[in-house]
Amino acid sequence: VQLVESGGGSVQSGGSLRLSCAASGDTYSSYCMAWFRQAPGKEREGVAHIASDGSPTYATSVKGRFTISQNNAKNILYLQMNSLKPEDTAMYYCAADPSYGANWSCPQFWRDGYTAWGQGTQVTVSS
């Protein structure tokens with residue numbers, strides 16, 4: 001599967017952005033999907049993921065502010081980001097890994113468990 005992110009940009013603290021990840025090349029609904037981010041000098045960290053049964057999970061730092069969702073008909077994964085903070089500044093990446101049913105265990109926030117990655121989209125939040 002090929003992943004292409006979009007929607008990044010520069011906003012002020014408290015602002016909002018919606019990231020999109022367009023998937024192509026395979027059956028989108030059969031993948032575990034996640035958003036990661038990487039700030040300069042820091043390791044790539046998980047932000048949100050969707051399990052095989054469609055349930056979302058969020059990192060503590062973004063819970064209540066970010067929402068992950070997917071449009072299976074259009075093969076697009078979204079990340080709605082509200083109440084953005086300067087510490088949210090990072091390159092945001094979409095990741096995917098094959099899923100084999102509603103009870104399949106997705107990699108969650110285990111980076112090495114994902115076999116497909118997008119090129120990233122930059123989010124910059126100023127104070």
Side-chain angles (χ1 to χ4, degrees):
V1 64
Q2 290 76 48
L3 306 174
V4 179
E5 302 96 333
S6 61
S10 297
V11 296
Q12 290 189 328
S13 182
S16 298
L17 285 172
R18 188 176 79 159
L19 306 184
S20 298
C21 171
S24 62
D26 210 326
T27 306
Y28 171 75
S29 61
S30 299
Y31 280 79
C32 302
M33 303 294 295
W35 286 99
F36 285 75
R37 67 185 181 187
Q38 187 167 17
K42 295 186 177 182
E43 291 190 355
R44 192 171 298 188
E45 63 175 2
V47 175
H49 69 82
I50 290 184
S52 297
D53 63 358
S55 59
T57 301
Y58 300 94
T60 300
S61 59
V62 306
K63 195 173 297 183
R65 300 187 298 122
F66 290 12
T67 302
I68 188 172
S69 62
Q70 57 188 23
N71 184 325
N72 288 340
K74 296 183 177 180
N75 292 350
I76 301 176
L77 180 73
Y78 299 103
L79 184 68
Q80 177 67 44
M81 304 185 297
N82 299 327
S83 303
L84 282 162
K85 304 175 181 180
E87 50 264 43
D88 294 318
T89 295
M91 185 73 79
Y92 282 71
Y93 297 91
C94 174
D97 190 62
S99 170
Y100 299 96
N103 296 319
W104 183 257
S105 295
C106 287
Q108 300 183 29
F109 291 146
W110 180 44
R111 291 171 300 176
D112 293 343
Y114 289 91
T115 53
W117 292 84
Q119 83 291 347
T121 184
Q122 178 68 38
V123 172
T124 303
V125 185
S126 58
S127 58

Subject >> Residues forming a ring-ring contact (aromatic ring centres under 6.0 Å, His included) with W104, sequence neighbours excluded >> reply: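 With neighbours one apart ignored, the set is Y100.
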Subject >> With sequence neighbours excluded, residues passing ring-ring contact (aromatic ring centres under 6.0 Å, His included) with Y58 >> reply: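 Counting only residues at least two positions away or on another chain, Y58 forms no ring-ring contact (aromatic ring centres under 6.0 Å, His included).
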Original post:
Any disulfide (SG to SG under 2.5 Å) pairs touching residues 45-127, not counting sequence neighbours?
Top reply: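 Disulfide (SG to SG under 2.5 Å) check on residues 45-127 returns C21-C94, C32-C106.
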Original post:
Is the side chain of T89 donor-acceptor paired with the backbone N or O of V125 at a distance under 3.5 Å, no angle test?
Top reply: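 Checked: pair present.
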**OP:** Without swapping roles, check the side chain of Q119 against the backbone of E5 for a donor-acceptor pair under 3.5 Å.
**Re:**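 Such a contact is found between Q119 side chain and E5 backbone.
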Those residues that, when tested against [X], pass side chain to side chain donor-acceptor pair (under 3.5 Å) (two or more places apart):
X: S16; result: N82
X: E45; result: R37
X: Q108; result: none
X: R65; result: D88

Subject >> Intermediate values then yes/no, side-chain contact (heavy atoms from CB on, under 4.5 Å), I50 and W35 >> reply: CA-CA 9 Å; I50 290 184; W35 286 99; over 6 Å; no
If the condition is side chain to side chain contact (heavy atoms under 4.5 Å, CB included), which residues does [X] pass it with, not counting sequence neighbours?
X: A22; answer: none
X: S127; answer: P86
X: T115; answer: D97, P98

Can you name the closest pair of heavy atoms from [X] and [Y] and give their distance?
X: P56; Y: I68; answer: CB-CG2, 3.6 Å
X: S99; Y: G101; answer: OG-O, 3.4 Å
X: V1; Y: A116; answer: CG1-CB, 3.6 Å

Original post:
Going through the checks in order, is the side-chain contact (heavy atoms from CB on, under 4.5 Å) test met by Y78 and S20?
Top reply: CA-CA 5 Å; Y78 299 103; S20 298; 3.5 Å; yes
Original post:
To the nearest 0.5 Å, how far apart are NE2 in H49 and CG in L77?
Top reply: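 With rounding to 0.5 Å, NE2 (H49) is 12.0 Å from CG (L77).
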Original post:
Heavy atoms, side chains only, cut-off 4.5 Å: are M81 and L19 in contact?
Top reply: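 Side chain of M81 against side chain of L19, heavy atoms only: contact under 4.5 Å found.
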Original post:
Is F36 isolated, or which residues cluster with it under the ILVMFWY side-chain rule of less than 4.5 Å, directly or via members?
Top reply: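 Once heavy-atom contacts under 4.5 Å are chained together, F36 belongs with M91, Y93, Y114, W117.
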Original post:
Do Y92 and V11 share a hydrophobic cluster (ILVMFWY, side-chain heavy atoms under 4.5 Å, transitive)?
Top reply: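 Linked within one cluster.
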Subject >> Partners passing salt bridge (Lys or Arg N to Asp or Glu O under 4.0 Å) against R18 (at least two apart in sequence or in another chain) >> reply: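 Partners of R18 under the salt bridge (Lys or Arg N to Asp or Glu O under 4.0 Å) test: none.
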